[in-house]
Amino acid sequence: MSIASVFDVALVALILAIGASTILVRKAFAAVVMFVVYGLLLSIAWVRLHAVDVALTEAAIGGGMTGLLLLGAVARSRSVNVGGPWIGRPARLATCALCALVVAGLAIAMLHPPEVIPTLAPTVMESLPQSGLGNPVAGVLFVFRALDTLLEKVVLLLALLGVWSLAPDRAWGGMPGLHVYARSDPTLIFLAQLLPPVGIVFGIYMCWVGAKDPGGAFQGGTVLAAMWLLVIVAGLQKAPAIGRLWLRGLLVAGPVLFLAIGLAGWVFADAFLAYPAGYAKPLIVAVEAALTLSIAVALGMLAAGPPERAQQQ
Amino acid sequence: MNAATLFGLCGAALVGIGLYGLITNPEPLRKILAFNLLGGGVFLLFGVIARRAAVAGLGGDPVPQAMVITAIVVAFAATAMAIALVQRLGDETGRASISSDSSGTGDGEEKS
Amino acid sequence: MNSAETGNIGEASPARWSDVIGGAVIRAIGFFCFWLALTRGDPGDLGPGLIAAAAATWASLKLLPAEQWGFRPIKFAGFALHFFHQSIVAGVDVALRALHPRLPLQPGFVTYQAQLPPGTKRNTFCAIMSLMPGTLPCGTSGDGSLAIHCLDVTQPVVEQLSMEETLCMGALGSAKSDA
Amino acid sequence: MSLVMDILTICAVSAGALFFLAGTVGLLRFPDTLTRLHALTKVDNLGLGLIVLGLLPQTSSLLAVKLVIVWLLVQLSGAVVTQLIAGAVRQHGADG
């Protein structure tokens, strides 16, 4: 057994142990911490599967941002955490059997891959040079399956609309809570003063490099959102009221630009979301830049949660 | 057994673990957590499929990889929405779990 | 930019206007170098690097307005060397305690009256302290003194802290006048 | 020359790994949260520093800068996070 396979076996064992403890541990807070660790371990598994783009996304969104959301939820619901009754033993055994069946089915499917493995990779590599991009995943996201990517951003905005709609009527247009994190600690302020500029450079780098190497608008936007949240949580800046025009403008800027370029494709190229020959890369970079800002704001506001206080003035 | 198959089995097991948590734990927050765990397993299966479809010069088929990136983002959006719903439910009913004795939110409101 | 204008703004702001510009330029150069390291100096990547450095400098100035740090490069280099030496001593010390069969620990709190005023400089000092041997700042007490957790309270912790603070103040150029 | 560099790399990375091991032993053996934080900050930072130092001769100069930046960022996060945790423990006790 080579060192790499020893590492893989250890990694898988660790992922399964942490995943199981996420389910079994009693305290919700501990479960969320386990989940963040699970996300980070999973991103190492993605690197081992040679999918570095996915690894970055998993670490940033799956572990980091989802973990932040869940931690906030645990902190908010701590007072009403009653811990209802678990289901009885027969039902639990039946569930176990059901889960074992599902696992067995999936495992059989994994152990017996088809004779001829279907792949679109050669087709992607054939057409990629036309777009001027170097990263095949970015090529799929912005050229071959651009509609998916556009709709994904719309889903993000819809989720944000949904979260905002759950605010009580009196708080509509007001500021998100975030008070569960609020603690005026000099150490936190120190970090919030030093780290965000570095994070900004790194976020822009992630977005820019996505065209040729692993990275992209989403990973870069997540870094920017994290920096923004850090500044807000440290109390150096207030969370913006959701009624602010600039906020809403930034939120829709990315999808609107994407949509506009897509519609222009009907005029200048031959189809919706088609790029005119020779202009694909600059257009994609422009879309990615706008999307990075929109994603950063959307993620930040999603993590901040529904508005809780009415806007002052 | 090669590395891809190993991670494939890991993904399958994670789906099972997540499904178990989703069914057995009555707390909505823990259900959301279990659902995300299950999702991580499904994504890993996609990664294995992508890895097996690798061609020369690439580590894997970029199409499933791009789909997983989209899926992670959509899962995040759904999680954010679900957490907001659970919190509103908690604010309205004063309870943070869906136990078998309460049939709906109206029921909970009367008690609290 | 004429001199009258600079004079006016200089009076209003905490630091002199030329210092602010100088500080901003130094920070911008630093952020641009960070970009160069990330992109490995590829000429095609310079354009976005300028944007990134500008954005980072703007955020940096907004979050941490230029103070009079009176940064002294030679003393700072000396302090950095001292810091490396101390962190090795710290690591070895804690590692030996961890691996020692009898686990020789005398943990406890020590109160330390810092000379540095609350603010960025004191926070920098606390961050450095948390990487130094046996000391871990745990926040501020009611009277403004620092509560410091030590692995071994029998050691002369307060004397050592005071020495470190003097060195730190020298390196960061914190004269007594702005205390 | 490259042999000297390789020996330096091997020594530094092994020493770094050893310090990580000691830090983990400390994390498991030390009696309470605050003492465990000591094991994390001091020993693991030194371990990472030694590993970075060991890798420097094996890389190009710009990659070396990247490695040093990674180490500095970990130092910063280590210093800040331990202080935050320690402050929280002092205020609310280990359960909070």
If you count heavy-atom pairs under 4.5 Å between each of [options] and chain B, which one has the most?
{"options": "A:I61, A:L11, A:T66", "answer": "A:T66"}
{"options": "A:A60, A:A13, A:A31", "answer": "A:A31"}
{"options": "A:G62, A:A298, A:A45", "answer": "A:A45"}

Heavy-atom side-chain proximity of [X] to [Y] below 4.5 angstrom:
{"X": "A:L141", "Y": "B:T70", "answer": "yes"}
{"X": "B:F43", "Y": "A:L42", "answer": "no"}
{"X": "B:L29", "Y": "A:V32", "answer": "no"}

Engaged part of A:V54 at the chain B interface, taking heavy atoms whose separation is under 4.5 Å: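 For A:V54, the contact with chain B is made by backbone and side chain together.
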
Given heavy-atom pairs under 4.5 angstrom as the criterion, report whether the side chain, backbone, both or neither of A:V137 touches chain B.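 The answer is both parts of A:V137.
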
Partners of B:F7 by ring pair (Phe, Tyr, Trp, His ring centres under 6.0 Å), sequence neighbours excluded?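 Checked B:F7 against ring pair (Phe, Tyr, Trp, His ring centres under 6.0 Å); zero matches.
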
The test is side chain to side chain contact (heavy atoms under 4.5 Å, CB included); show your working for A:L49 and B:L44 and say whether it passes. CA-CA 9 Å; A:L49 287 169; B:L44 209 56; 4.0 Å; yes

Keeping the roles fixed (side chain from A:Y38, backbone from B:L37), state whether a donor-acceptor pair exists under 3.5 Å.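 Answer holds: yes.
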
Checking B:R51 side chain against A:R48 main chain: does a donor-acceptor pair fall under 3.5 Å?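 Side chain of B:R51 to backbone of A:R48, a donor-acceptor pair under 3.5 Å: no, none is there.
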
Could you look at B:L45 and say if it's the side chain, the backbone, both or neither that has a heavy atom under 4.5 Å from chain A?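 For B:L45, heavy atoms of backbone and side chain both lie under 4.5 Å from chain A.
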
